[in-house]
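Numbered from 1 within each chain, the chains take letters A, B, ... in sequence-line order. These numbers were taken from a predicted model, which means no experiment stands behind them.
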Amino acid sequence: MTAGGNKKNGSGKDFYERVFEVVARIPEGKVTTYGAIARHLGTGGSARLVGWALNSTLSEEKAGTNEGQTMLPCHRVVNRNGELTGKAWFGGDVMEDLLRSEGVRFDPDGSVDMSRHYWEP
DNA sequence: ACCGTGACCTACC
DNA sequence: AGGTAGGCCACGG
């Protein structure tokens, strides 16, 4: 984790907070894409930052900073292809199970039905 | 201040 | 139609 395992506390939560808000606003049974979020934030072409932001936020959550409601439904965030990219980060099939629990339909390939569950900020 | 990395996306060949 | 390459912004060291 040269640059992945970050832990910025104090200043620099600008981007993370923004992503957190958007992702937290995702309705149940709906999924959005990194690019859409990035574009909404203004980062536009830097969709990777969104995923990175989630990673950082997750780090905080894991650290125990989740005083209020630090539940970031990263499982509702997928790539442009509808694939659960961060599935590995979740720890196996937790992501898929969560989405399925919400009523999300999965394609035979294992991707989410963007046509029915695509939500845009 | 620069380089390297990152859960991506778009464009060109 | 498929594959490859580059780009974008942000953060750590």
Problem set entry | Nucleotide-level pairing of DNA chain B, given in dot-bracket where Watson-Crick and G-U pairs need both distances under 3.5 Å and | marks other strands | .|||||.||||||
Exercise. Is A/K30 salt-bridged to A/E102, going by a charged N under 4.0 Å from an acidic O?
Worked result: no
Nearest-angstrom distance from the residue atom [atom1] of [X] to [atom2] of [N]:
X     : N     : atom1 : atom2 : answer
A/L41 : B/dC8 : CG    : P     : 16 Å
A/K87 : B/dA7 : NZ    : P     : 17 Å
A/N55 : B/dA7 : CG    : P     : 8 Å

Could you write out each protein N or O paired with an N or O of nucleotides 9-13 of chain B at a distance under 3.5 Å?
{"from": "B/dC9", "atom 1": "OP1", "to": "A/R80", "atom 2": "N", "distance (Å)": "2.4"}
{"from": "B/dC9", "atom 1": "OP2", "to": "A/R80", "atom 2": "N", "distance (Å)": "3.2"}

Quick one: closest heavy-atom pair of [X] and [Y], and the distance?
X      : Y     : result
A/F90  : A/L98 : CE2-CD1, 4.2 Å
A/Y34  : A/G86 : OH-N, 4.2 Å
A/L84  : A/H75 : CD2-O, 4.4 Å
A/P73  : A/V23 : CG-O, 3.3 Å
A/P121 : A/A36 : CG-O, 4.2 Å

Problem set entry | Side chain of A/R48 (C-beta onward), nearest among B/dC8, C/dC11, C/dC9 | B/dC8
Which side-chain N or O atoms in residues 106-117 of chain A pair as donor and acceptor under 3.5 Å with protein atoms at least two apart or in another chain?
{"from": "A/D113", "atom 1": "OD1", "to": "A/S115", "atom 2": "N", "distance (Å)": "3.2"}
{"from": "A/H117", "atom 1": "ND1", "to": "A/G29", "atom 2": "O", "distance (Å)": "2.8"}
{"from": "A/H117", "atom 1": "NE2", "to": "A/R105", "atom 2": "N", "distance (Å)": "3.1"}

For this session: Please assess A/V31 against A/W119 for the test side-chain contact (heavy atoms from CB on, under 4.5 Å), listing each intermediate value before the final yes or no.
Result: CA-CA 6 Å; A/V31 292; A/W119 178 84; over 6 Å; no
Problem set entry | Separation of the P atoms in C/dC8 and B/dC12, to the nearest angstrom | 14 Å
Exercise. Expressed as a whole number of Å, how far does the C1' atom of B/dA7 sit from that of C/dG3?
Worked result: 22 Å
